[in-house]
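Worksheet for the structure shown next.
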There are 2 protein chains.
Amino acid sequence: MTDARRGRPRSDQADRAILGAAADLLTSVGYERLSVEGIAARAGVAKQTIYRRWPSKAAVVAEAVLAAQSGVAIAPPADTGDLRADLQEWALQYGLWLADPVVSAMIRGLVAAAVDSQTNATRLYDHLADPIRTAILSRLTQEAERGTLRKNADLDALIDAILGTMLYRVLSSLTDAPKPDLGGLMNILVDGVRAQ
Amino acid sequence: MTDARRGRPRSDQADRAILGAAADLLTSVGYERLSVEGIAARAGVAKQTIYRRWPSKAAVVAEAVLAAQSGVAIAPPADTGDLRADLQEWALQYGLWLADPVVSAMIRGLVAAAVDSQTNATRLYDHLADPIRTAILSRLTQEAERGTLRKNADLDALIDAILGTMLYRVLSSLTDAPKPDLGGLMNILVDGVRAQ
DNA sequence: AAGTCATCGCAACGGTGCGTATTGTTAATG
DNA sequence: CATTAACAATACGCACCGTTGCGATGACTT
């Protein structure tokens with residue numbers, strides 16, 4: 001029997017160095033000026049070591065963004081009984097996270113990578129959006145069970161609106177700091193789904 | 001006096017051929033696989049003729065997208081007195097326009113170009129988003145004057161939500177046809193800003 | 001201890017594409 | 001006719017992608 005894992009195993013340290021270097025360069029120079037050779041140089045790694053793991057530059061960047069984001073816990077909104085206040089507070093925290101230039105640069109890089117390779121686009125958006133979707137949906141579900149939401153409210157559309165607004169502001173802001181205030185949006189959305 | 005326009009004038013036909021070729025290639029192969037040399041070849045034009053007009057590939061693509069979009073009239077929502085129905089109808093029409101693979105590819109190209117060169121990002125987003133913003137805002141203003149909207153409703157946030165949701169769906173949909181249904185969103189938004 | 005084998009860093013390669021420069025030609029203006 | 005600038009064609013330098021060959025390294029097997 002030939003064991004599937006013979007020979008020298010891949011270095012975990014190389015993995016971390018590559019992803020870390022990719023994240024660093026992404027935030028410092030942006031996706032367009034980021035090169036695989038630059039990643040290799042900064043990581044102290046041969047280019048082949050990168051291509052042995054990922055098939056393309058877009059895939060490396062995608063993985064780096066996911067790895068960096070997976071360290072961030074997406075806490076669901078608190079449940080104080082006041083949906084508006086809970087979502088406002090959550091949006092404030094999340095908006096501040098988005099306003100971080102590092103985070104903005106990463107998201108821009110994610111979008112660029114997704115435009116690059118359609119194959120990974122769905123996976124990327126899913127991995128980034130799903131935690132947020134789950135977090136908000138869990139809070140909305142609590143609310144719905146108390147009967148304080150309209151029965152036919154399209155909660156998916158509501159979440160798309162939150163995600164879309166955040167993405168739009170990140171992409172359309174020239175400076176690295178998008179307008180973080182989602183308070184007005186949350187007011188509209190809460191009033192739009194709340195039982196009358 | 002040296003007249004500013006001496007010598008051979010630039011060819012309008014070359015302008016049209018370049019922008020047309022850029023738009024064609026953008027929708028057929030996407031931004032990633034689009035090259036200035038490819039544009040020149042398809043337009044039957046020397047590469048230098050392109051670089052005499054625009055400073056970079058991103059600028060050419062940006063101009064091509066804007067030129068293609070400027071032909072589309074962004075009609076404001078009708079005013080039948082029923083804001084919900086008016087916005088639903090407008091969203092339906094606009095959603096169908098977005099679902100066109102050609103339009104989706106163009107928007108993806110726009111985003112890619114914007115990520116490429118931050119310089120043009122604001123100009124691009126403004127040119128594309130402003131007509132929509134103006135169209136919706138004019139309808140909302142009519143409504144506000146009748147006193148049927150909450151006084152403190154954040155109309156900018158509402159418009160950001162519409163634009164953001166559309167953009168998010170275009171970018172995150174793997175197929176070329178994003179989910180065009182904005183009905184659920186419009187319901188929430190209308191209920192969220194309507195006077196109680 | 002010796003052998004196996006996938007990984008490692010290093011280096012070079014072909015290919016693509018950006019943006020620039022050169023050359024001779026063509027269409028306007030004075 | 002002289003001047004001027006855009007034109008097509010073409011070559012160039014450069015950066016980078018993705019691939020390949022090399023000898024060395026290190027965990028596993030026998």
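Note that the structure is a prediction, hence the values are computed from the model and not measured. Letters go in sequence order (proteins before strands), and every chain restarts at 1.
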Please report, to 0.1 Å, the donor-acceptor pairs under 3.5 Å made by any side chain of residues 32-41 of chain A, with sequence neighbours excluded.
| residue | atom | partner | partner atom | Å |
| --- | --- | --- | --- | --- |
| A:Ser35 | OG | A:Gly38 | N | 2.8 |
| A:Glu37 | OE2 | A:Lys47 | NZ | 2.9 |

ask   = For the pair made of CD in A:Gln48 and C1' in D:dC17, what is the distance, rounded to whole Å?
value = 13 Å
key: Distance in angstrom units between B:Gln13 CD and C:dA27 C1', rounded   = 14 Å
ask   = Listed in order of residue number, which residues of residues 49-63 of chain B have a non-hydrogen atom at under 4.0 Å from DNA chain C?
value = B:Tyr51, B:Ser56, B:Lys57
message = For A:Arg84, give me all partners under side chain to side chain donor-acceptor pair (under 3.5 Å), at least two apart in sequence or on another chain.
response = A:Asn187, A:Asp191
Shorter than 3.5 Å, N or O on both sides, protein versus nucleotides 2-4 of chain D: list them out with atom names.
none

Can I get a per-line list of side-chain donor-acceptor pairs under 3.5 Å for residues 16-27 of chain B, giving both atom names and the distance, sequence neighbours left out?
| residue | atom | partner | partner atom | Å |
| --- | --- | --- | --- | --- |
| B:Asp24 | OD2 | B:Arg42 | NH1 | 3.2 |
| B:Thr27 | OG1 | B:Ala23 | O | 3.2 |
| B:Thr27 | OG1 | B:Asp24 | O | 2.9 |

In one Ile/Leu/Val/Met/Phe/Trp/Tyr side-chain cluster, 4.5 Å: B:Val102, B:Ile107 = no
inquiry  = From CG of B:Asp12 over to P of C:dA27, roughly how many Å is that when rounded to an integer?
reply    = 15 Å
task = State which residues pass side chain to side chain donor-acceptor pair (under 3.5 Å) with A:Lys57; sequence neighbours excluded, sorted by chain then number.
result = none
query = Among residues 24-46 of chain A, which residues get a heavy atom nearer than 4.0 Å to DNA chain C?
reply = A:Gly44, A:Val45, A:Ala46
remark   = Contacts satisfying ring pair (Phe, Tyr, Trp, His ring centres under 6.0 Å) that involve residues 28-58 of chain A (not counting sequence neighbours) are none
remark   = For A:Asp82, the salt bridge (charged side-chain N to carboxylate O under 4.0 Å, His left out) test, sequence neighbours excluded, returns none
request  = Return the set of residues passing side chain to side chain contact (heavy atoms under 4.5 Å, CB included) with B:Glu143 (not counting sequence neighbours), or none when no residue passes.
outcome  = B:Leu83, B:Arg139, B:Arg146, B:Thr148, B:Leu149
ask   = For A:Arg10, which residues count as a side chain to side chain donor-acceptor pair (under 3.5 Å) partner, sequence neighbours excluded?
value = none
ask   = Among all residues two or more places apart in sequence or in another chain, which pass the ring-ring contact (aromatic ring centres under 6.0 Å, His included) test with B:Trp90?
value = B:Tyr94
